[in-house]
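Values below: all heavy atoms of this structure, side chains included; hydrogens, waters and symmetry mates excluded. Proteins come first, then strands; the chains are lettered A, B, ... in the order of their sequence lines, and each starts at number 1.
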Protein chains: 2
Amino acid sequence: MSSAVSLRHPPPGRNAPESHRTLGWLLRLPYAVLAERVYGGLAARGFPDIRPAHGSLFRHIRPEGSRLTELAEQAQMTKQSMAYLVQSLSEGGYVETVPDPEDGRARLVRLTPRGRQVLETLLALSAEAEAALAARLGARKMARLRGLLEELAERLEAER
Amino acid sequence: MSSAVSLRHPPPGRNAPESHRTLGWLLRLPYAVLAERVYGGLAARGFPDIRPAHGSLFRHIRPEGSRLTELAEQAQMTKQSMAYLVQSLSEGGYVETVPDPEDGRARLVRLTPRGRQVLETLLALSAEAEAALAARLGARKMARLRGLLEELAERLEAER
DNA sequence: TATTTTAGTCAGTCCATATGACGAAAAGGG
DNA sequence: CCCTTTTCGTCATATGGACTGACTAAAATA
């Protein structure tokens with residue numbers, strides 16, 4: 001289960017020369033560690049079919065349900081790609097789709113109880129993994145790091 | 001070229017709730033922005049066939065050349081996967097493989113002049129992209145962010 | 001009412017990973 | 001020197017996760 005985590009972008013390896021320590025690499029390395037822990041942890045807790053790609057649904061879906069198109073836009077992917085994710089989650093019993101009463105073309109994607117369980121577990125594991133990193137870096141520095149990343153994220157989101 | 005980071009307007013639904021701003025998400029967002037700039041820039045400068053996956057080769061290859069197995073290990077992927085990357089780069093004239101004089105089974109993968117040009121451009125674009133982010137966050141904060149990420153990377157590398 | 005836009009599906013493609021099985025060369029122990 | 005084991009790389013194949021293009025049906029609009 002160790003390497004059950006496949007990323008869209010290549011996982012960082014070791015020994016990158018100093019000159020090659022781009023910011024991108026510096027961001028990706030801890031991300032890979034987190035993803036490994038979180039999705040490995042999910043597998044260990046009985047959700048082996050939840051993969052990193054599904055995160056983009058869990059991150060955005062609203063409690064009342066979200067439309068496919070809405071989810072796709074928020075995750076910044078095509079609706080076809082999101083439909084693929086929804087289908088696999090649907091087959092696993094994590095989401096269900098119901099007709100949207102407000103629009104005959106649309107369907108609402110909603111978390112099932114099992115799906116909500118995944119979401120909770122996902123958040124808990126993320127917090128755990130973050131704490132594990134904080135143990136290496138020190139709580140104070142981790143707090144600073146998070147704060148800076150949040151600030152950067154806000155700026156970047158504001159531009160979209 | 002994937003528009004991983006599109007310029008479209010925010011969708012009707014709100015962004016990820018506060019509670020979903022995991023560290024992983026905070027790391028991935030700026031990474032996506034960097035990757036977009038860097039690989040988009042490479043395409044614009046005449047290297048349209050260099051994709052993010054190839055980064056894991058460029059980051060680790062030694063000037064004298066590296067063996068496939070070595071590259072695979074450093075990039076933490078299978079040798080088959082690395083062979084796939086090497087082949088595509090080889091077809092584009094970015095690397096060449098020569099027999100390893102020390103080992104009849106092995107072949108050395110080496111950058112061609114064109115490959116070295118890509119490496120240089122890659123590093124230059126990364127620096128540019130980092131500077132662009134620094135423009136949003138402020139140079140001082142970006143320096144702190146980088147410093148913290150470097151420290152974290154060191155700790156994480158030491159464990160592997 | 002007629003036209004255009006929007007929500008979602010179907011079909012096909014490509015890329016980047018993974019496994020497993022394999023031949024050939026090297027290394028090492030008798 | 002052989003014999004066995006390990007290592008280097010390849011072939012074949014599968015899968016996940018993204019894409020584009022063409023389409024239907026429903027809604028919104030002119």
Side-chain angles (χ1 to χ4, degrees), chain A residues 1-13 28 32 35-36 39 43 48-57 65-92 95 97-109, chain B residues 1-6 8-9 11-13 28 32 35-36 39 43 48-57 65-92 95 97-109:
Chain A
M1 299 313 77
S2 38
S3 51
V5 179
S6 71
L7 305 170
R8 286 182 227 78
H9 291 295
R28 239 183 326 171
E36 167 81 14
Y39 291 94
D49 44 0
I50 303 295
R51 291 179 295 277
H54 298 128
S56 59
L57 183 148
S66 299
R67 289 188 188 170
L68 179 64
T69 301
E70 187 186 351
L71 287 171
E73 274 180 26
Q74 291 171 326
Q76 307 199 122
M77 60 174 57
T78 61
K79 49 194 185 173
Q80 292 96 322
S81 298
M82 182 54 76
Y84 163 81
L85 296 176
V86 166
Q87 196 195 330
S88 68
L89 289 175
S90 180
E91 283 164 3
V95 304
T97 62
V98 299
D100 184 341
E102 322 240 305
D103 189 331
R105 296 166 299 179
R107 300 181 67 74
L108 287 176
V109 183
Chain B
M1 184 180 333
S2 66
S3 51
V5 182
S6 92
R8 265 179 291 162
H9 268 271
R28 231 184 332 173
E36 167 81 12
Y39 291 92
D49 43 0
I50 303 296
R51 290 179 297 276
H54 298 127
S56 59
L57 184 148
S66 300
R67 288 187 190 172
L68 180 63
T69 302
E70 187 186 351
L71 288 171
E73 201 190 326
Q74 291 171 325
Q76 301 196 286
M77 61 174 57
T78 61
K79 51 195 183 172
Q80 292 94 323
S81 298
M82 183 54 77
Y84 162 81
L85 296 176
V86 166
Q87 196 195 331
S88 68
L89 289 174
S90 180
E91 283 164 2
V95 304
T97 62
V98 299
D100 185 340
E102 322 240 303
D103 188 332
R105 298 165 298 178
R107 299 181 67 75
L108 288 176
V109 182

By the 4.0 Å heavy-atom rule, please label Thr69(B) as base, sugar-phosphate, or nothing. sugar-phosphate

Nearest-Å distance for atom pair CZ/C1', residues Arg105(B) and dA25(C): 5 Å

Per Lys79(A) side chain, nearest of listed nucleotides dT20(D), dG8(C), dA16(C): dG8(C)

Look at the side chain of Arg51(B) and decide which nucleotide, out of dG17(D), dC15(C), dT5(C), has an atom nearest to it. dC15(C)

Tell me whether the OP1 or OP2 atom of dA16(C) has a side-chain N or O from Ser81(B) closer than 4.0 Å. no

Rounded distance (Å) that lies between atom P of dT24(D) and atom CG of Leu68(A): 19 Å

Value in whole Å for how far the P atom of dA26(D) lies from CZ of Arg107(A): 13 Å

Set of residues satisfying side-chain contact (heavy atoms from CB on, under 4.5 Å) with respect to Arg67(B), sequence neighbours excluded: Glu70(B), Asp100(B), Glu102(B), Asp103(B), Ala106(B), Leu108(B)

Provide, to the nearest angstrom, the distance between the CG atom belonging to Asp100(A) and the P atom belonging to dG8(C). 8 Å

Specify the closest pair of heavy atoms between Leu85(B) and His54(B), including all atoms of both residues, with the distance to one decimal. CD2-CD2, 3.9 Å

In short, Leu71(B) meets Met82(B) closest at the heavy-atom pair O-CE, 3.6 Å

Whole-Å distance between dG16(D) P and Glu91(A) CD? 10 Å

In whole angstroms, how far is the P atom of dA16(C) from the CG atom of Leu89(B)? 10 Å

Round to a whole Å and report the spacing from CZ of Arg67(B) to P of dT10(D). 13 Å

Length of the line joining Met82(A):CE and dG8(C):C1', which is rounded to integer Å: 14 Å

Which atom pair, heavy atoms only, marks the closest approach of Ser56(A) to Ala53(A)? OG-O, 2.9 Å

By nearest-heavy-atom nucleotide on DNA chain D, the more 5' of His54(A) and Glu102(A) is His54(A)

Within the modelled atom types, does a donor on one side and an acceptor on the other bring the side chain of Gln80(A) and the base of dG17(D) under 3.5 Å apart? no

Nearest non-hydrogen partners of Lys79(B) and Leu68(B), listed with the distance: O-CD2, 3.9 Å

Look at the side chain of Tyr84(B) and decide which nucleotide, out of dC15(C), dC8(D), dA27(D), has an atom nearest to it. dC15(C)

